[in-house]
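For clarity, every value in this text was computed on a predicted model and none was experimentally measured.
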Amino acid sequence: MAWAAATAAALVVAAAVLSPASVASASNAEGDALYALRRALKDPRGVLQSWDPTLVNPCTWFHVTCNRDNCVTRVDLGNSNLSGNLVPELGHLEHLQYLELYKNNIQGTIPAELGNLKSLISLDLYNNNITGNIPKELGMMKSLVFLRLNDNHLMGPVPRELTKISSLKVM
């Protein structure tokens, strides 16, 4: 009898862990992070109009690409006439590989939380109005190959931590 109760309890736990709700929860966290970006940006062309936080996940939003597990891997918003600030919540997109926000009018600083993007291959923020220093935390992005920050108003030295990213080819 105790064995049957233990087996039933294990099945309940397994069902909870493997349920679509747990997958949706991860996707909703990504949706929340992207929606925080949407709220921080002015969008005169309406390119972010499909970014609806009430949807199950952001994989149906325009300019967002997901993998087969419905995890966000790419955000393509280059040359979209956006203005405003980057948000620290972007650091929650743990599967993100490409963040393309070049040729906009983004102001403010680069959030240090972007350093949490361990899967990021390309960070394209060139040709904006970003100010401040390049965060040393970007050196934690060990998959980074392309880091394009030119044509902004950045100050200070390039952090030494960036020189330790062996995959980095373009900076």
Look up atom [atom1] in [X] and atom [atom2] in [Y], then write down how far apart they are to the nearest 0.5 Å.
{"X": "S122", "Y": "L144", "atom1": "OG", "atom2": "CG", "answer": "7.5 Å"}
{"X": "D52", "Y": "W61", "atom1": "CG", "atom2": "CH2", "answer": "7.5 Å"}
{"X": "L117", "Y": "Q97", "atom1": "CG", "atom2": "CD", "answer": "11.0 Å"}
{"X": "L96", "Y": "T65", "atom1": "CG", "atom2": "OG1", "answer": "10.0 Å"}
{"X": "L114", "Y": "E89", "atom1": "CG", "atom2": "CD", "answer": "11.0 Å"}
{"X": "N127", "Y": "L101", "atom1": "CG", "atom2": "CG", "answer": "12.5 Å"}

Is the number of heavy atoms from other residues, nucleotides or ligands within 6.0 Å of NZ (K118) greater than 12? yes
K142 NZ: over 12 foreign heavy atoms closer than 6.0 Å: yes
Grab the two heavy atoms, one from [X] and one from [Y], that are nearest each other, plus how far apart they are.
{"X": "L41", "Y": "N85", "result": "CD2-O, 3.8 Å"}
{"X": "A112", "Y": "P135", "result": "CA-CB, 3.9 Å"}
{"X": "A33", "Y": "L93", "result": "CB-CD2, 4.0 Å"}
{"X": "S167", "Y": "S143", "result": "OG-C, 3.5 Å"}
{"X": "P53", "Y": "Y35", "result": "CD-CE1, 3.4 Å"}
{"X": "M155", "Y": "N133", "result": "O-OD1, 2.8 Å"}

Would R148 and V170 count as a side-chain contact (heavy atoms from CB on, under 4.5 Å) here? Give the steps. CA-CA 7 Å; R148 297 181 189 104; V170 176; 4.1 Å; yes
Transitively linked via ILVMFWY side-chain contacts under 4.5 Å: [X] with [Y]?
{"X": "V158", "Y": "L138", "value": "yes"}
{"X": "V47", "Y": "Y102", "value": "no"}
{"X": "I165", "Y": "L154", "value": "yes"}
{"X": "L149", "Y": "L162", "value": "yes"}
{"X": "V72", "Y": "L55", "value": "yes"}

Can you check side-chain contact (heavy atoms from CB on, under 4.5 Å) on T131 and Q107, steps first, answer last? CA-CA 7 Å; T131 57; Q107 303 97 23; over 6 Å; no
Does a side-chain heavy-atom distance below 4.5 Å link [X] with [Y]?
{"X": "V75", "Y": "H63", "result": "no"}
{"X": "T73", "Y": "Y98", "result": "no"}
{"X": "L90", "Y": "E113", "result": "no"}

Counting only N and O atoms by type, is there a donor-acceptor contact under 3.5 Å from the side chain of [X] to the main-chain atoms of [Y]?
{"X": "S80", "Y": "G78", "answer": "yes"}
{"X": "N129", "Y": "I106", "answer": "no"}
{"X": "D69", "Y": "C71", "answer": "no"}
{"X": "W51", "Y": "F62", "answer": "yes"}

Going by side-chain contact (heavy atoms from CB on, under 4.5 Å), E100 matches just one of L125, D124, L77. Which one?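 It is D124, the one option of L125, D124, L77 that forms the side-chain contact (heavy atoms from CB on, under 4.5 Å) with E100.
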Hey, is C66 close enough to C59 that the SGs sit under 2.5 Å?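 Taking the criterion (SG atoms under 2.5 Å apart), C66 and C59 satisfy it, so yes.
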Looking only at the side chains, is there a donor atom on one of N128 and N152 sitting less than 3.5 Å from an acceptor on the other?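 Checked: N128/N152 side chains show no N/O donor-acceptor pair below 3.5 Å.
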